[in-house]
Amino acid sequence: MADSYNVKEIEAKWQARWDTEGLYQVDNDDPRPKAYVLCMYPYPSGAAHQGHVRNYTFGDLIVRYRTMRGEAVLSPFGFDSFGLPAENAAIKTGVHPRTFTNARIDELKESVKKLGAVYDWRREVKSHDPSYIKWSQFIFTKFFESGLAYKKNAPVNWCPGCQTVLANEQVLADGTCERSGDQVVKRDLEQWFLATTRYAEELLSDLDNLEWPERVKTMQRNWIGKSQGTKFKMAIAGSDDFFLEVFTTRPDTTFGMTYAVIAPEHPLVEVLTKDAFKVEVEAFRVEASDRSEIERQSTEVTSKIKRGVFTGSYAVNPFTGKEVPIYVADYVLMGYGTGAIMAVPGEDQRDYDFAKLYGLPVIRTVQPPDDFAGEAYTGSGSKINSDWLNGLEVDEAKAKATQFLTEAGVGGSTIQYRLRDWLVSRQRYWGCPIPIVNCPRCGLVPVPLEALPVLAPDDVEFLPTGESPLAVHPTFKFAACPKCGGDAIRETDTMDTFVDSSWYFLRFCDPTEDEAPFSKEAVAAWMPVDQYIGGIEHAILHLMYARFFTKALADLGYVPDHIREPFKRLFTQGMIRLGGSKMSKSKGNLVAPQRYFDTVGADSLRLFHLFVGPPADDFDWSEQTDDVIDGCFRFLNRVWRISLGTAESFPGVTVKVVNRETNHSDREILRLAHRLIAKVSEDYERWSYNTAVAAMMEFTNSLYRYAGNGAQVETFDFAVDTLIMLLAPMAPHITAEIWERRNGGLVHAQKWPTPDPDLVKSEKETLVIQVNGKVRDKIEVDSGIDEQTAVYLALASLKVQQALHGQTVRKTIVKLPKMISLVI
RNA sequence: GCCCGGGUGGUGGAAUGGUAGACACGGAGGACUCAAAAUCCUUUGCCCCCAAGGCGUGCGGGUUCGAGUCCCGCCCCGGGUACCA
């Protein structure tokens, strides 16, 4: 009797071998065609959860599959190991973040190995490693020298929970922190920024050439928020010193302006407010800043009442010379455009709402259709009430209005982006220190390469005061100016951890380089990433920043010129949800991968993730899920038994393999095997893993029937070996073991099988006969049947005769060998 | 509100305009067993006693010899986004 499938023994054996054998280690000068397959490197939060399992299963499958196809596949792994959880743990328990993080890395690495995922571990990268910090800092100094990194005083998002500032992207729509969920407040602080807006246009236009999910591209386009419009300055009545600049996408509606609005935070508010209105305006500004925090928490649309007060000043309409009142109102945002608008209630709903509330006049400048029942009309039409624009269509009028403003020297056409520069300062300890020294004589001076990395001191106390341990450290902040050698103050802010993850994929190409962040040659060899795999939650933040870094580093000469995008193809996997959207700790533990490694094994768990549905779809983990995983385990057992069994091996399994002449059943299973090769290969290419698994299950079922009836030895062996090779990327341990026992050697070093096109076609087909579109009969025919015979057979069918009721066939549609459609 | 996705058996899901429900889970029945587990076999969309037949992919229309698939109009669910001028 053959051994039964001993999961633990087999998986441990092969994991140890993959660790030492180096089949998946690739060198930069590997002569095979190169491919770079990458899963987003994780924040190390301890042992892997099912989301990781899903991610790494897809990645590992592709790595193993493409390797069998003869490619040199770069498959590195690393850790996004800076971040708040480690620091919060330090505050709570006193354990140093490094100790804490290293322990979590070990746990994660262990569970990744237990999954059977293979990586070139020689290339492992950790963002908290001094050798990585050094080059993150180096890149920052290069950005600083080129003006891409700069410091400015600005109202910034402050998260009281995280005790640090946040980038705009890290603040959710309701004004809460994407990490802690706390309400974010505005603070005026001197902070470091990266000039992402310099690349706004390229970040937008290059999206067109990426093989990314459309919705991710759409999200990025919306985030960049390009808007074509016109900027112009309006004179202020009674003042020659100031003017009001506004941005509009509708310069054609300028004749309809009945008032103007500036944001409460606008610097001109003070100047514009006349004495008589000072009290009211000041009260409004205070109220507005309070209210914005409260109202942002409410998702009620009704809370979006537009409120404002009159400043006492008037702006002069450049088209009419007429004066309109200037209001301060909270529906105009300081952060967009110029922070001021001309208000046209006739063609803008927001302006209309405000005008109605405060009794301001409405002038229409576009003729709405007769049946128009709305308030502000934003559609197309011809101009009215607009003097020299009357009769023109909106688009023509826009051009003419802009031309007028340009010629008058008060404005011109302009492009606005919603995208803003990336705020990278963080008032935290466990991050990459910003390598800048502030010298009272020389100003901001970058720490030179020889002195990098700047490492945070270890002798710090982690206290829940909210103050960064670096800022209160007795000596860290004192440094000699690299330029003049005099006393200077070191920057104590660290970088947003998204900085680290914006270039790790480049470091993987050349992880031990000691003279530069990476060599150009190494990057040229592997970049861009051929297949990037990760969660949809990074659709904007990480993916946008990584794209920005790649472009900036190319312009600075570190990345080869022709590489302007880091990730050629992106796949965003679906999320694993537990009981709807709630993820509770107890439930999380209940489905922890370790539990399955200990029982059914990694192969069954991997197979389950591949089988359960399309990879892009979310999956709800439920009570029934364990049954499905057991089903995958059962399938692997069936594969084990048919591959290694004989008639006597396993009760209930009949595997009769004999030496004899080839017969019909041999030819059929051979055809099925070749069809399977074609089907699985195609499904692997199109990310349809669930159907590939189904096809292999079906084939295994056929194999059982075949073997039960007496299989011919060569045909049987071919069929089994084919199945094992096709399954090898999905269930690597069991297939490696079966292959070794049957043939010796490594299944993952085999060449991916090629289907014989002649054998992919089957001998017999089911011909479906329809009458008036309804299926009336199905008959077995030779696949090479000719039209005449097929039609003859169709008409000869009794069921078809019944359906025809003796009526004449008016039309016959023939799609051989599958279908004949008769029309009466 | 706007922009994407998506509605198929009891469940997860298959289906280049051509046999709807592959494959699996669950259910039912059976074989093996003293018994159970494991394994193996049969069956499983709905209506109908069975068969013949009919009905079936959120709803209503349309195109087509033929629609889950394409077009138009709705309904519902999920996600993203929201005073961006």
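Each chain gets a letter, A, B and so on, in the order the sequences are listed, and its residues count up from 1. Please read all numbers here as calculations on a predicted model, not as lab measurements.
Distance A:R776 CZ to B:G66 P: 14 Å, rounded to the nearest Å. Computed from coordinates, the A:L767 CG to B:U19 P distance equals 12 Å when rounded to whole Å. Put simply, CD1 on A:I576 is 19 Å from P on B:G78, counting in whole angstrom units. One can place CH2 of A:W687 at 20 Å from C1' of B:A14, the figure rounded to the nearest angstrom. Atoms CZ (A:F699) and P (B:A24) sit 15 Å apart, rounded to a whole Å. The separation between A:K774 atom NZ and B:A52 atom P is 16 Å, rounded to whole Å. When the C1' atom of B:G80 is taken as reference, atom NZ of A:K217 falls 17 Å away, rounded to whole Å. Between A:E214 atom CD and B:G80 atom P there is a gap of 19 Å when expressed in whole angstrom units.
Between the C1' atoms of B:G26 and B:G10, the separation comes to 8 Å (whole Å). When the C1' atom is compared between B:G12 and B:G45, the two are found 16 Å apart, to the nearest whole Å. Between the C1' atoms of B:C50 and B:U43, the separation comes to 16 Å (whole Å). For B:A52 and B:A20, the P atoms lie 16 Å apart once the distance is rounded to whole Å. Going from the P atom of B:A14 to that of B:G29 covers 31 Å, rounded to whole Å. Going from the P atom of B:G56 to that of B:G60 covers 10 Å, rounded to whole Å. Across the C1' atoms, B:A22 and B:A15 are found 8 Å apart, a figure rounded to whole Å. Rounded to whole Å, the separation between the C1' atoms of B:A51 and B:U16 comes to 37 Å.
A:S821 comes within 4.0 angstrom of a base, heavy atoms only. Within the nucleic acid shown, A:V332 comes within 4.0 Å of at least one base atom, counting heavy atoms only. In this structure, A:R418 reaches the bases: a heavy-atom distance under 4.0 Å links it to at least one base atom across the strands shown. Within 4.0 Å of A:F635, counting heavy atoms only, lies no atom of the nucleic acid at all. Residue contacts shown for A:Q770 include a base, since a base heavy atom lies under 4.0 Å away. Among the atoms of the strands shown, none is found under 4.0 Å from any heavy atom of A:G225. Nucleic acid contact class of A:R634 (heavy atoms, under 4.0 Å, all strands): sugar-phosphate only.
Comparing B:A85, B:A22, B:A15 against the side chain of A:E698 picks out B:A22 as the nearest. Side-chain proximity of A:D348 to the nucleotides B:A14, B:A85, B:G12 is greatest for B:A85. The side chain of A:F619 lies closest to B:G12, out of B:C23, B:G12, B:A85. Closest to the side chain of A:K811, from the set B:C55, B:C65, B:C83, is B:C65. With distances taken from any side-chain atom of A:N701 to the nucleotides B:G13, B:A24, B:C3, the minimum falls on B:A24. Among B:C23, B:C25, B:G13, the nucleotide with an atom closest to any side-chain atom of A:F611 is B:C23. Nearest to the side-chain atoms of A:A694 among the listed nucleotides B:A22, B:C25, B:G13 stands B:A22. In the set B:A24, B:A85, B:G26, B:A24 carries the atom at the smallest distance from any side-chain atom of A:M697. Which of B:A85, B:G80, B:C23 sits closest to the side chain of A:M219 comes down to B:G80. Among B:G54, B:C65, B:A85, the nucleotide with an atom closest to any side-chain atom of A:I813 is B:C65.
Test A:I779, A:I769, A:L793 against A:V800 for side chain to side chain contact (heavy atoms under 4.5 Å, CB included) and you get one pass: A:I769.
Under 3.5 Å, the side chains of A:T365 and A:E347 contain a donor-acceptor pair of N or O atoms. Using a 3.5 Å distance cut-off with no hydrogens or angles, the side chains of A:T249 and A:S227 do not pair a donor with an acceptor. Donor-acceptor pairing under 3.5 Å is lacking for the side chains of A:N222 and A:R418.
Nucleotide B:G68 is matched to nothing when pairs are restricted to Watson-Crick or G-U wobble geometry with both distances under 3.5 angstrom. Pairing of B:A22, defined by two Watson-Crick or G-U wobble distances under 3.5 Å, is not identified with any nucleotide. When both distances must be under 3.5 Å, the Watson-Crick or G-U wobble mate of B:C50 does not exist. Under the Watson-Crick or G-U wobble criterion, with both distances below 3.5 Å, B:G73 is paired with B:C59. Across all strands shown, B:C2 pairs with B:G80; the Watson-Crick or G-U wobble distances both stay below 3.5 Å. Pairing for B:A28 is with B:U42, a Watson-Crick or G-U wobble pair whose two hydrogen-bonding atom distances lie under 3.5 Å.
In this structure, B:G9 shows a glycosidic angle within 90 degrees of zero, which is the syn conformation.
Taking the nucleotide of RNA chain B with the nearest heavy atom to each of A:G773 and A:V768, the more 5' of the two is matched to A:V768. Looking at which nucleotide of RNA chain B each of A:K815 and A:R215 is closest to, the 5′-most match is held by A:R215.
A close approach under 4.0 Å does occur between a side-chain nitrogen or oxygen of A:R641 and OP1 or OP2 of B:C40. Contact annotation: A:R221 side-chain N/O to B:C4 OP1/OP2 distance is not under 4.0 Å. For the OP1/OP2 pair of B:G18 and a distance below 4.0 Å, the side-chain nitrogens and oxygens of A:K818 include no atom meeting the criterion. Between B:C4 and A:N222, no contact under 4.0 Å exists linking OP1 or OP2 to a side-chain N or O. Using a 4.0 Å cut-off, no side-chain N or O of A:N637 falls inside it from OP1 or OP2 of B:U39. For B:A85, the OP1/OP2 oxygens have no side-chain nitrogen or oxygen of A:T338 closer than 4.0 Å. OP1 or OP2 of B:C40 lies within a sub-4.0 Å distance of a side-chain N or O belonging to A:R638. Within the structure, every side-chain polar atom (N or O) of A:R577 is placed at least 4.0 Å from both OP1 and OP2 of B:G78.
Under the 3.5 Å distance criterion, the side-chain polar atoms of A:R606 are left unmatched by any main-chain donor or acceptor of A:A731. With hydrogens and angles ignored, the 3.5 Å screen pairs a side-chain donor or acceptor of A:R285 with a backbone N or O of A:P264. Although no hydrogens or angles enter the test, the distance criterion places a donor-acceptor pair under 3.5 Å between the side chain of A:S702 and the main chain of A:E698. A donor-acceptor pair under 3.5 Å is absent between the side-chain atoms of A:Y596 and the main chain of A:D626, judged by distance alone. Side-chain N or O atoms of A:R54 include one that pairs as donor or acceptor with a backbone N or O of A:P615 at under 3.5 Å.
Below the 3.5 angstrom threshold, one finds no donor paired with an acceptor across the side chain of A:Q624 and the base of B:G12. Evaluation of atom-type donor-acceptor distances gives a pair under 3.5 Å for the side chain of A:K306 against the base of B:C83.
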_Criterion side-chain contact (heavy atoms from CB on, under 4.5 Å) on A:L203 and A:Q220, from CA distance to verdict_ = CA-CA 9 Å; A:L203 286 167; A:Q220 293 219 349; 5.9 Å; no

